[in-house]
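Quick note on labels: first sequence line is chain A, next is B, and so on, each numbered from 1.
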Number of protein chains: 2
Amino acid sequence: MTQPDMPTPPWERPPRRRTPARVPLSRERIVDAAYTILDREGYDGLSMRQVAAELGVAVSALYVHVRDKDELLQLMYNRTFEGYEIPEPDPERWREQVMDFARQARERLLSHRDLAKITMAHVPFTPELLPYVERLLAVLGAAGLPRRVLAISGDLLSTYINGFALEESLWQERYRETHDSWHKLRDEVNGYFASLPPDRFPNLVRLADIMMDESNDYRFELGVEIILRGLASYIGEPDPDEEHEAS
Amino acid sequence: MTQPDMPTPPWERPPRRRTPARVPLSRERIVDAAYTILDREGYDGLSMRQVAAELGVAVSALYVHVRDKDELLQLMYNRTFEGYEIPEPDPERWREQVMDFARQARERLLSHRDLAKITMAHVPFTPELLPYVERLLAVLGAAGLPRRVLAISGDLLSTYINGFALEESLWQERYRETHDSWHKLRDEVNGYFASLPPDRFPNLVRLADIMMDESNDYRFELGVEIILRGLASYIGEPDPDEEHEAS
DNA sequence: CCATACTATGAACACCGTTCATTCTCTGGG
DNA sequence: CCCAGAGAATGAACGGTGTTCATAGTATGG
């Protein structure tokens, strides 16, 4: 396309190379490849060698751009919430806003195989993640939660969301190995609960039909709802920390 | 002591060996050794070779008693709650009973380094664990929770407890590597929050002093309390599943 | 055009989980 | 008492892992 001996006009940056040749390695491309491997091979199959192979590159080349495998996982983690916008806090609608956040978070955690395993292994206090924590706290703060409740609510919610998604991915892993459908596994598990001796496990038998849902959506949202009700019960109360401050 | 050529009296079982010699390998001893390694080296240092070395035994000997490393981890997981007695359900005191359960569970999860990493990676539906799930459901059921709330409350609680303990162990890992005391790390982290630009992170700055507690006990229990309040709000309500059943 | 800085290479190291043919040890039966 | 056989333990091996490092290649600024 571009004739080689034409002078480059000053208003457009010169092409990096005459021929595009090889795209240079970069953190971005490494993380991309890592996600490809993660989706194809799962967490246990995610190795530096596989990532390098995916890029058609020597393993050691990765270490020019990335200190560690740990740093690579960190970068993958940071990308999890990239581009997600938590809305402006609206005290009237804080419950829906939080529920919406929870839904989107779960959706993202399930958007890549075993991603929940990665996020679970990292503390969410990296600079890239802090804005989301801040926004979530803003929504909750607008609801009028006391300081100490607010300070732990982020942890509480993210712990639940992560844990739920992780458990889901554990089940997915299990039926990836042995079964062919979520349906079948679900029925087997519920059937197992139903078959327990009713004298020793009355409650599990009684709940056997709803321990695992058709999809997990309802169970997930009910869990969030329970947390929301608990949080809401603190609105207007003073900080529950008097004897704690006093000590 | 025992004279070699004396006939063994029929009422006592013959000694296994003339000399005690080597204690034979067993699942129990392997799990013991695994816990020793876990405490000393952490999760990443827990390898079959290390466990074998701890027992003074060849690696391959382990595979006579244990199918997999995965099975070994499963056995370690099963031992987590061994011997813990959840009390008889008392509808008057269900909150205290659940709080007590949560406290004990966290205590056990923190009793071995990185143990939370192991429990997080397993679905809690092994035969050894089911009795504890059943007992917890019994306590919650006695409180009068609707069926669907009950069915998810176990998950909700255990997810929170596990997640909290895991996060604690991540921090412990971090200050094991770089710092010498929890005190110092805590101050640094809180100081970091306080130093954020207040216009972009008003909430984090505002909460900087209480984001991490002196010990985590108070934060943990407040989290459980929030969940308890949420659960309690459903007592007496009908099952929140009408439109769900209808669909 | 060359020197320099940066990138990529491949070989190597020290681990890891797992398997397998072999050896050892112990026990029960003749 | 001895011997056969079953079970347990061995050591070597295989293919994989994360990471390092001296070397080779390449692109860019002086």
Take atom [atom1] of [X] and atom [atom2] of [N], then tell me their distance rounded to the nearest Å.
X        : N       : atom1 : atom2 : value
Leu55(B) : dA8(D)  : CG    : P     : 15 Å
Ile37(A) : dT17(D) : CD1   : C1'   : 15 Å
Leu25(A) : dT26(D) : CG    : P     : 16 Å
Arg29(B) : dA8(D)  : CZ    : C1'   : 13 Å
Arg27(B) : dA8(D)  : CZ    : P     : 12 Å
Met48(B) : dC16(C) : CE    : C1'   : 11 Å
Gln50(B) : dT18(C) : CD    : P     : 16 Å
Glu41(B) : dC15(C) : CD    : P     : 12 Å

Phosphate-side-chain proximity, Ser60(B) and dG11(D), N/O vs OP1/OP2 below 4.0 Å: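 The answer is no; no side-chain N or O of Ser60(B) sits under 4.0 Å from OP1 or OP2.
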Are His65(B) and dG7(D) close enough that a side-chain N or O sits under 4.0 Å from OP1 or OP2? no
How about Phe125(B) and Phe193(A): are their ring centres within less than 6.0 Å of each other? yes
ring-ring contact (aromatic ring centres under 6.0 Å, His included) between Phe101(A) and Tyr132(A), intermediate numbers included: CA-CA 10 Å; Phe101(A) 164 79; Tyr132(A) 303 105; 8.6 Å; no
Ignoring hydrogens and angles, answer whether the base of dG16(D) and the side-chain atoms of Arg49(A) contain a donor-acceptor pair closer than 3.5 Å.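 Checked by distance alone, the answer is no.
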Could you tabulate the donor-acceptor pairs under 3.5 Å formed by side-chain atoms of residues 162-174 of chain A, not counting sequence neighbours?
residue: Asn162(A); atom: OD1; partner: Thr119(A); partner atom: OG1; Å: 2.7
residue: Asn162(A); atom: ND2; partner: Ser158(A); partner atom: O; Å: 3.3
residue: Glu168(A); atom: OE1; partner: Arg106(A); partner atom: NE; Å: 2.8
residue: Glu168(A); atom: OE2; partner: Arg106(A); partner atom: NH2; Å: 2.8
residue: Glu168(A); atom: OE2; partner: Asn216(A); partner atom: ND2; Å: 3.0
residue: Ser169(A); atom: OG; partner: Leu166(A); partner atom: O; Å: 2.9
residue: Glu173(A); atom: OE1; partner: Lys117(A); partner atom: NZ; Å: 2.8

From the set dA8(D), dT17(D), dC16(C), return the single nucleotide nearest to any side-chain atom of Ser47(B).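 Output: dC16(C).
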Of dG18(D), dA8(D), dT9(C), the nucleotide closest to the side chain of Ala61(A) is dT9(C)
If you take all heavy atoms of [X] and [Y], which pair is closest and at what distance?
X         : Y         : value
His122(A) : Gln74(A)  : CD2-NE2, 3.3 Å
Pro127(B) : Tyr192(A) : CG-OH, 4.1 Å
Leu55(B)  : Ala33(B)  : CG-CB, 3.7 Å

Side-chain donor/acceptor pairs under 3.5 Å, residues 35-46 of chain B, sequence neighbours excluded:
residue: Tyr35(B); atom: OH; partner: Met76(B); partner atom: O; Å: 2.7
residue: Thr36(B); atom: OG1; partner: Asp32(B); partner atom: O; Å: 3.1
residue: Asp39(B); atom: OD1; partner: His112(B); partner atom: ND1; Å: 3.2
residue: Asp39(B); atom: OD1; partner: Arg113(B); partner atom: N; Å: 3.2
residue: Asp39(B); atom: OD2; partner: His112(B); partner atom: ND1; Å: 2.8
residue: Arg40(B); atom: NH2; partner: Glu54(B); partner atom: OE1; Å: 2.8

Taking the nucleotide of DNA chain D with the closest heavy atom to each, which residue, Tyr63(A) or Gly56(B), is nearer the 5' end?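 Its nearest nucleotide being more 5', the pick is Gly56(B).
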Classify Val57(B) by what it touches in the nucleic acid, base, sugar-phosphate, or nothing, heavy-atom distance under 4.0 Å.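 Val57(B): backbone/sugar contact only, no base atoms under 4.0 Å.
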Please report how far the helix from dC1(C)-dG30(D) to dG30(C)-dC1(D) bends, comparing the axis fitted to its first five pairs with the axis fitted to its last five, to the nearest 10 degrees.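 What I find for the helix from dC1(C)-dG30(D) to dG30(C)-dC1(D) is an axis angle of 10°.
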